[in-house]
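What follows is a single structure, written as structure tokens, with notes after it.
FYI, side chains are in, hydrogens and waters are out, and symmetry mates aren't considered; it's all heavy atoms of this structure. Keep in mind that this is a model prediction, so the values were computed, not measured.
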Amino acid sequence: AAAYSSALDYYQSALREPGPAGAPAAPSSDRARLHRKRADCLLQQGLPEEAAAELGRADAVLPGGATLDRAVLQVRSALVRFRQGRYDDSHRLALAAFAQLASSDLHREVGNAQMILGNCATRLGRPEKAAEFFQDALATFRRIDLPLGQAQAMINLAILAKNDCRWSK
């Protein structure tokens, strides 16, 4: 928890510091990224409401045409809703984000959206659909060689198999 607190302080100071005199202001995409990173830290600390507020700040500083950046924020917002137990809202946001990200090169975010969709389907009582999303996420994480994402997808698939009493899986 201390590392996340330190990171929050660091990101906040980066948002406050204007830079050297006469230097141009930080691009809005950089400021949005700092707010998103603060939201990630707050989520890790178990503070979804504060994370949602940070995501709102990130969205507010993005320029109008930043479609993919907004889709990344939607993935985080879907995670916030999931942590709040708002599974239908989470599913809706993750699906919208996935639609925007699917044809991009932001494969990690695509995989994150697929994992959220799978977790929402699990909580909403649709294990077959959850398995599809987790399989898709596993393929996405394999494509970019992300072992942690692969492990998370396989763990969720194993839990589904256990819950369905498919011991051979």
### Query
Does R81 reach the main-chain N or O of R86 with its side chain, forming a donor-acceptor pair under 3.5 Å?
no
#### Entry: Under 3.5 Å: donor-acceptor pair, side chain of D59, backbone of L55
no
### Message
For L15, is there any backbone N or O sitting under 3.5 Å from a side-chain donor or acceptor partner on R31?
### Response
yes
### Side-chain donor-acceptor pair present, R123, Y87, cut-off under 3.5 Å
yes
### Message
Closer than 4.0 angstrom, basic N to acidic O: yes or no for D40 and K37?
### Response
no
### Message
Nearest 0.5 Å, please: how far is CG in L47 from CD in E54?
### Response
11.5 Å
### Task
Check whether any side-chain N or O of S77 sits under 3.5 Å from a backbone N or O of L73 as a donor-acceptor pair, and report yes or no.
yes
### Query
Does any N or O in the side chain of S90 come within less than 3.5 Å of the main-chain N or O of A78, such that one atom is a donor and the other an acceptor?
yes
### Message
For a salt bridge (Lys or Arg N to Asp or Glu O under 4.0 Å) check, start with the C-alpha distance between R76 and E109, then their side-chain angles and the critical distance, and finish with the verdict.
### Response
CA-CA 9 Å; R76 294 311 190 288; E109 296 300 335; 2.8 Å; yes
### Task
Compute whether any side-chain donor of one residue and acceptor of the other, for T67 and R70, lie under 3.5 angstrom apart.
no
### Message
Is it the case that the side chains of S5 and Q45 hold a donor-acceptor pair, with the cut-off being a distance below 3.5 Å and no angle test?
### Response
yes
### Task
Keeping the roles fixed (side chain from N156, backbone from Q152), state whether a donor-acceptor pair exists under 3.5 Å.
yes
#### Entry: E132/R126 ion pair, N-O < 4.0 Å
no
### Query
Quick one: OG on S28 to CZ on R33, what's the gap to the nearest 0.5 Å?
10.0 Å
### Message
Using a 6.0 Å cut-off, check whether atom CZ of R108 has over 12 heavy atoms from anything other than its own residue.
### Response
no
### Task
Might you point out which heavy atoms bring P127 and L160 nearest each other, and give the distance in Å?
O-CD1, 3.9 Å
